[in-house]
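These notes concern the structure reproduced below.
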Amino acid sequence: MLDMKMPSENLLDLAKNQRLIRSRDLASLGIPRVALTRAVRRGELERVGRGLYRLPGRVVSAQGSLAEVARKVPKGVVCLLSALRFYNLTTQAPFEVWLAIDNKAMKPKLEYPPLRIVRFSGAALTEGVEEHVVDGVTVRVTSVAKTVADCFKYRNKIGLDVALEALREAWNEKRMTSDDIWYYAKVCRVANVMRPYLESLV
């Protein structure tokens with residue numbers, strides 16, 4: 001039975017199952033935080049960021065930083081350049097994770113990976129959010145069509161050329177329908193901005 005195990009065994013079981021574990025998750029499982037320090041000292045776990053640990057040598061995908069962010073900021077939504085990269089719809093390679101959070105939410109403080117925070121509200125934050133599993137962690141990412149619409153909304157931050165590239169790639173690869181992109185263009189209030197570009201595609 002789980003409760004008959006030593007805290008260190010429970011901790012390693014948790015690390016195997018969740019891949020990335022947060023120190024704050026341990027109390028509810030009856031595992032003292034000192035077990036983390038000891039496990040790191042023994043080389044059984046490695047610290048990958050403030051309050052975030054994993055098994056040493058564990059293979060992490062190219063999207064591993066998204067999993068780390070999702071564990072630390074579970075209500076955040078991967079968006080814009082990071083979402084484009086996730087879907088392979090851009091040649092950009094952002095070194096920061098672009099993350100949407102609620103307008104009133106406190107800004108997350110992370111040592112790693114670096115974040116680029118964008119504040120969304122209402123439907124812009126809740127609509128078009130998909131869940132994907134990355135390295136065993138559920139990551140919330142804006143859908144392809146929502147991401148493209150967001151790129152036009154934030155074209156001053158990321159560049160119109162990036163937004164146009166994303167639109168062309170997503171359309172040519174049939175990753176979204178015209179209904180999808182029109183819907184999210186309206187959600188993001190950029191229908192008038194996108195209209196000439198969309199009409200040139202259809």
Side-chain angles (χ1 to χ4, degrees), residues 14 18-29 31 33 36 47-54 60-87 89-90 92-159 162-163 166 170 176 180-181 183-191 193-194:
L14 185 66
Q18 294 196 2
R19 301 195 182 209
L20 290 169
I21 57 175
R22 295 179 299 182
S23 56
R24 68 182 182 193
D25 293 335
L26 303 184
S28 62
L29 300 168
I31 302 172
R33 288 197 180 197
L36 275 173
R47 183 177 181 268
V48 293
R50 186 176 179 183
L52 197 64
Y53 301 81
R54 71 179 175 204
V60 177
S61 73
Q63 306 291 353
S65 59
L66 302 187
E68 291 183 27
V69 170
R71 291 288 294 154
K72 294 175 183 175
V73 193
K75 290 184 179 178
V77 181
V78 175
C79 64
L80 294 164
L81 292 183
S82 294
L84 289 181
R85 192 69 178 168
F86 180 79
Y87 295 120
L89 290 173
T90 183
Q92 303 289 314
F95 73 94
E96 300 165 306
V97 174
W98 288 66
L99 195 72
I101 62 172
D102 187 84
N103 263 342
K104 297 176 182 176
M106 284 184 62
K107 185 176 180 181
K109 293 178 181 176
L110 272 64
E111 286 182 6
Y112 180 84
L115 294 181
R116 183 71 178 267
I117 297 295
V118 187
R119 293 188 178 274
F120 287 11
S121 62
L125 180 65
T126 58
E127 295 270 340
V129 177
E130 299 178 349
E131 292 188 344
H132 299 269
V133 177
V134 178
D135 295 337
V137 177
T138 299
V139 178
R140 302 170 76 226
V141 187
T142 52
S143 68
V144 170
K146 173 65 162 55
T147 301
V148 172
D150 284 339
C151 287
F152 278 88
K153 183 173 184 176
Y154 291 93
R155 61 195 180 279
N156 292 336
K157 283 182 183 285
I158 67 166
V162 174
M176 62 184 185
D180 288 339
I181 190 59
Y183 176 78
Y184 291 113
K186 290 171 185 171
V187 167
C188 294
R189 299 176 183 170
V190 287
V193 173
M194 294 185 70

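No side-chain donor-acceptor contact under 3.5 Å links Arg119 to the backbone of Ile101. In this structure, the side chain of Lys146 engages the main chain of Ala124 through a donor-acceptor pair within 3.5 Å. Asp135 contributes no side-chain N or O that, together with a main-chain N or O of Val137, makes up a donor-acceptor pair within less than 3.5 Å.
Annotation for Ala149 and Val190: closest pair O-CG2, 3.8 Å, computed over non-hydrogen atoms. Among all heavy-atom pairs drawn from Pro74 and Arg140, the shortest one is O-CD, 3.5 Å.
At a threshold of 4.5 Å between non-hydrogen side-chain atoms, the residues Ile181 and Met194 count as touching. With contacts defined as side-chain heavy-atom distances shorter than 4.5 Å, the pair Val78/Leu99 qualifies. Val134 has its side chain within reach of Phe86: a pair of non-hydrogen atoms, C-beta onward, lies under 4.5 Å apart. Within the 4.5 Å cutoff, the side chain of Thr142 has heavy atoms near those of the Val77 side chain. Put simply, the side chain of Tyr183 reaches to within 4.5 Å of the side chain of Glu127, judged on heavy atoms. Side-chain contact check for Leu80 versus Cys151: some heavy-atom pair is nearer than 4.5 Å. Looking at heavy atoms from C-beta onward, Val193 lies in side-chain contact with Arg155 at the 4.5 angstrom threshold. Put simply, the side chain of Trp98 does not reach to within 4.5 Å of the side chain of Ile117, judged on heavy atoms.
A distance of 6.0 Å separates OG of Ser82 from CG of Leu66, quoted to the nearest 0.5 Å. Atoms CD1 and NZ, on Ile158 and Lys153 in that order, are 13.0 Å from each other to the nearest 0.5 Å. The distance from atom CG of Asp102 to atom OG1 of Thr126, rounded to the nearest 0.5 Å, is 9.5 Å. Note that the SG atom of Cys79 and the CZ atom of Arg116 stand 10.0 Å from one another [nearest 0.5 Å].
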Show your working on side chain to side chain contact (heavy atoms under 4.5 Å, CB included) between Val139 and Glu131 and close with a plain yes or no.
CA-CA 6 Å; Val139 178; Glu131 292 188 344; over 6 Å; no
Start with the C-alpha distance between Val129 and Val141, add both sets of side-chain angles, then the distance that settles side chain to side chain contact (heavy atoms under 4.5 Å, CB included), and finish with yes or no.
CA-CA 6 Å; Val129 177; Val141 187; over 6 Å; no
Where do Leu89 and Val144 land on the side chain to side chain contact (heavy atoms under 4.5 Å, CB included) test, with the steps shown first?
CA-CA 9 Å; Leu89 290 173; Val144 170; 3.7 Å; yes
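Between Phe120 and Tyr154, the distance from one ring center to the other falls under 6.0 angstrom.
Legend: residues meeting side chain to side chain contact (heavy atoms under 4.5 Å, CB included) with Glu130, ordered by chain and number and at least two apart, are Tyr87, His132, Ser143.
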